[in-house]
Amino acid sequence: MTFDSVRGRASAGWVSRTPSIVDRLRTADSGRVPFSVEFSPPRDAAAEARLWRAVREFERMGPAFVSMTYGAGGSTRDRTVRVTGQLAEETTLLPVAHLTAVGHSVDELRSLVGAYADRGIRNILVLRGDPPGDPLGEWQKHPHGVEYADELVRLIRNLGDFHVGVASFPEGHHRSPDLDHDTKFLVNKLRAGAEYSITQMFFDVEHYLRLRDRVAACDPEQGVKPIIPEIMPITSLRSVRKMVELSGSVLPAELEARLADAAGDGPDENRAAVRAVGIEVATRMGERLIAEGAPGLHFITLNFARATSEVLANLGLAATRV
C-alpha cells in the first residue's frame, strides 16, 4: 500500500509523485538559481494571519520549496503539523517539515511522520534539536528516543517513501569539539540516507565554502549531495544578536560594528538603517554564493516577506507569477 501524493491518503496502486528537494533543485529554470524560504509556526491568531500574508507573497515568486520549523521539544507540535499540512493542501508550494529528536520517543516520532504523510508531506528535514528552555544547555536523550540525527534519518527512511534532509553547520555545531568531528557527523547523516543538507545561518561565505570542501574531502560520494546555504537578511541588531547567541553561530566583528553604527546610540535602534545594511550584506552573500556554485539559496524570513523579497529582487531570482 502506498500514499496518494496529493492528500497523503493510503491508496492501492499509487506511487508517491511528491517531488523531492533534490528534484526541485535539478529542474530549476535554466540560468536562475533556485531559492527557498523558511517559516516558523505561529503562536497565535495574529501571528498566523501574518504568516499567511507572507506565504501568499512568496507563492507568487515561485520558491523551489518552503520549510516549516519545529518548536523546541515539540512546543508548537500540533500547530506546526496543522499549518504545514495547510501549506501542502491549500497552496502550490512544496513544504518541508522540520522534525527534531529532542523530547520525543520513537513511537511519537513515528506518529508525527504518519501525521505528515496523512497531509501529503513526504519531505522532512531532520534535526537533533535543542533542549527546550536553554538551546545551549545539556542535550538529554528521551529514554525511549534516539540519540543522534542519523538514527532519526534511518527511522524515517524505513517508514516509507520519504525524502530526508539534514542540518549542517558552516562554523561547526557548538557541541562539536572541532570542525573535523562536526564534518564526520554530517557525513554520517548523509550516509544514513539524507539527500541534502541546509546550513545554519552564517555571515561569512568562506565558512560555507570550507564546509563544502571538508565534506568532499571526508567522503567524495557524499560530497556531491547539495549543501544549501541559509541566509538571514538582518533587519534588527537586537534580534540578530539574540539569534546568534541562541544558535552558537558567530556575527563577524566587522559586520557587528557596521550594524551598531547604523543602529545609533539612542534607546531605540534605527531599524531602517540597520535594515539597509542587512539587505546589502545578504545581497552580497547571495551574489558570492551563486558565483561559487551554491545549489540554491535558503532564506530565514521570520514570517515576513519584504526583506527577503528585496534581496531576491536584487539577485534577479524572484520571478513573479501571474
Enquirer: I'd like to know if Glu206 pairs up with Arg288 as an ion pair, taking the criterion as any Lys NZ or Arg NE/NH1/NH2 lying under 4.0 Å from an Asp or Glu carboxylate oxygen.
Expert: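 A salt bridge links Glu206 with Arg288.
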
Enquirer: Step through the shown structure and confirm whether more than 12 heavy atoms of other residues, nucleotides or ligands are within 6.0 Å of CZ on Arg238.
Expert: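 Incorrect, the count does not exceed 12.
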
Enquirer: If you look at every heavy atom in Ala294 and Val33, which pair is closest and at what distance?
Expert: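 Nearest heavy atoms, Ala294 then Val33: O-CG1, 4.2 Å.
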
Enquirer: In terms of side-chain geometry, is the basic nitrogen of Arg110 or Asp107 positioned less than 4.0 Å from the acidic oxygen of its partner?
Expert: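 Asp107 and Arg110: salt-bridged.
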
Enquirer: Spell out, yes or no, whether Leu94 and Leu312 are grouped together once hydrophobic residues are joined by side-chain heavy atoms under 4.5 Å, including indirect joins.
Expert: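 No, Leu94 and Leu312 fall in different hydrophobic clusters.
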
Enquirer: Given side-chain contact (heavy atoms from CB on, under 4.5 Å), test Lys189 with Val126 step by step and report yes or no.
Expert: CA-CA 9 Å; Lys189 293 186 287 187; Val126 165; over 6 Å; no

Enquirer: Run the salt bridge (charged side-chain N to carboxylate O under 4.0 Å, His left out) check on Asp180 and Lys184 step by step: do they pass?
Expert: CA-CA 6 Å; Asp180 287 341; Lys184 290 175 183 177; over 6 Å; no

Enquirer: Measuring only between side-chain heavy atoms, which start at C-beta, is Val83 closer than 4.5 Å to Met68?
Expert: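 Sidechains of Met68 and Val83: in contact.
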
Enquirer: Linking I/L/V/M/F/W/Y whenever any side-chain heavy atoms sit under 4.5 Å apart, do Val277 and Met285 land together?
Expert: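 Linked within one cluster.
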
Enquirer: Give a yes or no on whether Asp265 atom CG has more than 12 heavy-atom contacts from other residues, nucleotides or ligands under 6.0 Å away.
Expert: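 Counting neighbours around CG of Asp265, 12 or fewer heavy atoms of other residues, nucleotides or ligands fall under 6.0 Å, so no.
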
Enquirer: Does the pair Leu289 and Leu297 meet the rule for a side-chain contact (heavy atoms from CB on, under 4.5 Å), with working shown?
Expert: CA-CA 8 Å; Leu289 288 163; Leu297 303 178; 3.9 Å; yes

Enquirer: Please report the closest heavy-atom contact between Ala47 and Pro42, naming both atoms and the distance.
Expert: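 Heavy atoms of Ala47 and Pro42 come nearest at C-CB, 3.6 Å.
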
Enquirer: Taking NZ, NE, NH1 and NH2 as the nitrogens, is one of them in Glu310 or Arg306 under 4.0 Å from a carboxylate oxygen of the other?
Expert: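 Salt bridge between Glu310 and Arg306, a charged N being under 4.0 Å from a carboxylate O: yes.
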
Enquirer: Any side-chain heavy atom of Ile198 sitting closer than 4.5 Å to one from Val96?
Expert: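 The answer is no, as the side chains (C-beta and beyond) never meet within the 4.5 Å cut-off.
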
Enquirer: Say you draw a straight line from CZ of Arg191 to CG of Asp219; how long is it, rounded to the nearest 0.5 Å?
Expert: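 Rounded to the nearest 0.5 Å, the CZ-CG separation comes to 4.5 Å.
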
Enquirer: Restricting to non-hydrogen atoms, name the atom on Asn270 and the atom on Ala262 that form the minimum distance, rounded to 0.1 Å.
Expert: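 That closest heavy-atom pairing would be CB-O, 3.3 Å.
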
Enquirer: Is it true that a side-chain atom of Ser197 and a backbone atom of Ile227 form a donor plus acceptor pair closer than 3.5 Å?
Expert: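 Side chain of Ser197 to backbone of Ile227, a donor-acceptor pair under 3.5 Å: no, none is there.
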
Enquirer: Please round to the nearest 0.5 Å and tell me the distance separating atom OG1 of Thr301 and atom CZ of Phe58.
Expert: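 With rounding to 0.5 Å, OG1 (Thr301) is 5.5 Å from CZ (Phe58).
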
Enquirer: Quick check: does any side chain N or O of Glu171 sit under 3.5 Å from a backbone N or O of Val250, one acting as donor and the other as acceptor?
Expert: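 Indeed, once roles are kept as given, a pair shorter than 3.5 Å links the two residues.
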
Enquirer: Start with the C-alpha gap between Glu287 and Arg284, add the side-chain angles, then the distance that decides, and say whether salt bridge (charged side-chain N to carboxylate O under 4.0 Å, His left out) holds.
Expert: CA-CA 5 Å; Glu287 290 173 339; Arg284 298 294 169 261; 3.3 Å; yes

Enquirer: Taking a hydrophobic cluster as the set of Ile, Leu, Val, Met, Phe, Trp and Tyr residues connected by side-chain heavy atoms closer than 4.5 Å, whether directly or through intermediates, do Phe203 and Phe169 fall within one such cluster?
Expert: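 No, Phe203 does not connect to Phe169 through the hydrophobic network.
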
Enquirer: Rounded to the nearest 0.5 Å, how far does CZ of Arg128 lie from OH of Tyr148?
Expert: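 One finds 5.5 Å between OH of Tyr148 and CZ of Arg128.
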
Enquirer: Just checking Arg82: does its CZ atom have more than 12 heavy atoms from other residues, nucleotides or ligands closer to it than 6.0 angstrom?
Expert: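 Check passes, neighbour count above 12.
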
Enquirer: Counting C-beta onward and ignoring hydrogens, is there a side-chain heavy-atom pair between Trp52 and Leu87 closer than 4.5 Å?
Expert: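 Answer yes - side chains close enough.
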
Enquirer: Locate the shortest heavy-atom distance separating Thr69 from Pro41; write the atom from each residue and the value.
Expert: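 Taking every non-hydrogen atom into account, OG1-CD, 3.2 Å.
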
Enquirer: Applying side-chain contact (heavy atoms from CB on, under 4.5 Å), run through Val244 and Met201 and close with a yes or a no.
Expert: CA-CA 9 Å; Val244 164; Met201 69 175 181; 4.0 Å; yes

Enquirer: So which heavy atom on Pro226 is nearest to which on Pro295, and how close?
Expert: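 Minimum heavy-atom contact is CB-CG, 3.9 Å.
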
Enquirer: For the residue pair Thr18 / Arg122, report whether a side-chain donor-acceptor contact shorter than 3.5 Å exists.
Expert: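 No, no side-chain donor-acceptor contact under 3.5 Å.
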
Enquirer: Flag the pair Phe35 / Val311 as yes when at least one side-chain heavy-atom distance between them is below 4.5 Å, and no otherwise.
Expert: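 No, too far: nothing below the 4.5 Å cut-off.
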
Enquirer: Got a second to check how far Phe299's CZ is from Met232's CE, nearest 0.5 Å?
Expert: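 One finds 12.5 Å between CZ of Phe299 and CE of Met232.
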
Enquirer: Quick one, Pro95 and Asn123 - any side-chain contact, counting heavy atoms below 4.5 Å?
Expert: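 Counting from C-beta outward, Pro95 and Asn123 never come under 4.5 Å.
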
Enquirer: Determine whether the side chains of Ser36 and His298 contain a donor N or O and an acceptor N or O closer than 3.5 Å.
Expert: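 On atom types as modelled, these side chains qualify, holding a pair under 3.5 Å.
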
Enquirer: Any side-chain heavy atom of Met61 sitting closer than 4.5 Å to one from Val37?
Expert: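 No, too far: nothing below the 4.5 Å cut-off.
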
Enquirer: List the steps, then state whether side-chain contact (heavy atoms from CB on, under 4.5 Å) holds for Val240 with Val274.
Expert: CA-CA 11 Å; Val240 74; Val274 169; over 6 Å; no

Enquirer: Examine Tyr196 together with His163 and report whether their ring centres are nearer than 6.0 Å.
Expert: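 Aromatic pair excluded; centres sit 6.0 Å or further apart.
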
Enquirer: With a 3.5 Å distance limit and no angle check, can you tell me whether Arg24 reaches the backbone of Ala64 through a side-chain donor-acceptor pair?
Expert: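 Yes; at least one donor-acceptor contact below 3.5 Å.
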
Enquirer: Tell me, do Ile234 and Leu255 make a side-chain contact under 4.5 Å, heavy atoms counted?
Expert: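 Ile234 vs Leu255: side chains touch.
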
Enquirer: Does a salt bridge link Arg56 with Glu59, judged by any charged N lying under 4.0 Å from a carboxylate O?
Expert: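 Here Arg56 pairs with Glu59 in a salt bridge, since their nearest N and O are under 4.0 Å apart.
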
Enquirer: Ile300 and Glu38: which non-hydrogen atoms are nearest, and at how many Å?
Expert: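 In terms of heavy atoms, the two residues are closest at CG1-OE2, 4.0 Å.
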
Enquirer: Between Gln200 and Ser247 (side chain of the first, backbone of the second, donor and acceptor by atom type, cut-off under 3.5 Å), is there such a pair?
Expert: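 At least one qualifying donor-acceptor pair exists.
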
Enquirer: Could you check if a side-chain atom of His207 sits within less than 4.5 angstrom of a side-chain atom of Leu211, using non-hydrogen atoms only?
Expert: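 Not in contact.
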
Enquirer: Linking I/L/V/M/F/W/Y whenever their side-chain heavy atoms sit closer than 4.5 Å, directly or via other members, would Ile228 and Ile290 fall into one cluster?
Expert: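 No, Ile228 and Ile290 fall in different hydrophobic clusters.
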
Enquirer: If Ile, Leu, Val, Met, Phe, Trp and Tyr residues are connected whenever their side-chain heavy atoms lie under 4.5 Å apart, and connections chain through other members, are Leu237 and Val281 in the same group?
Expert: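 Same cluster: Leu237 reaches Val281 through Ile, Leu, Val, Met, Phe, Trp or Tyr contacts under 4.5 Å.
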
Enquirer: Using 0.5 Å steps for rounding, measure from the OG1 atom of Thr308 to the CG atom of Leu317.
Expert: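 One gets 11.5 Å once the value is rounded to the nearest 0.5 Å.
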
Enquirer: Measure the spacing between CG of Leu152 and CG of Leu109 and express it to the nearest 0.5 Å.
Expert: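 Here the interatomic distance stands at 5.5 Å.
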
Enquirer: Where does the angle between the aromatic ring planes of His181 and Phe185 fall among parallel (under 30°), tilted (30 to 60°) and perpendicular (over 60°)?
Expert: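 Aromatic pair His181/Phe185 classed tilted.
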
Enquirer: Under the criterion side-chain contact (heavy atoms from CB on, under 4.5 Å), which of Thr100, Leu127, Thr84, Leu125 is the partner of Tyr70?
Expert: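 For Tyr70, the side-chain contact (heavy atoms from CB on, under 4.5 Å) test succeeds with only one of Thr100, Leu127, Thr84, Leu125, which is Thr100.
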
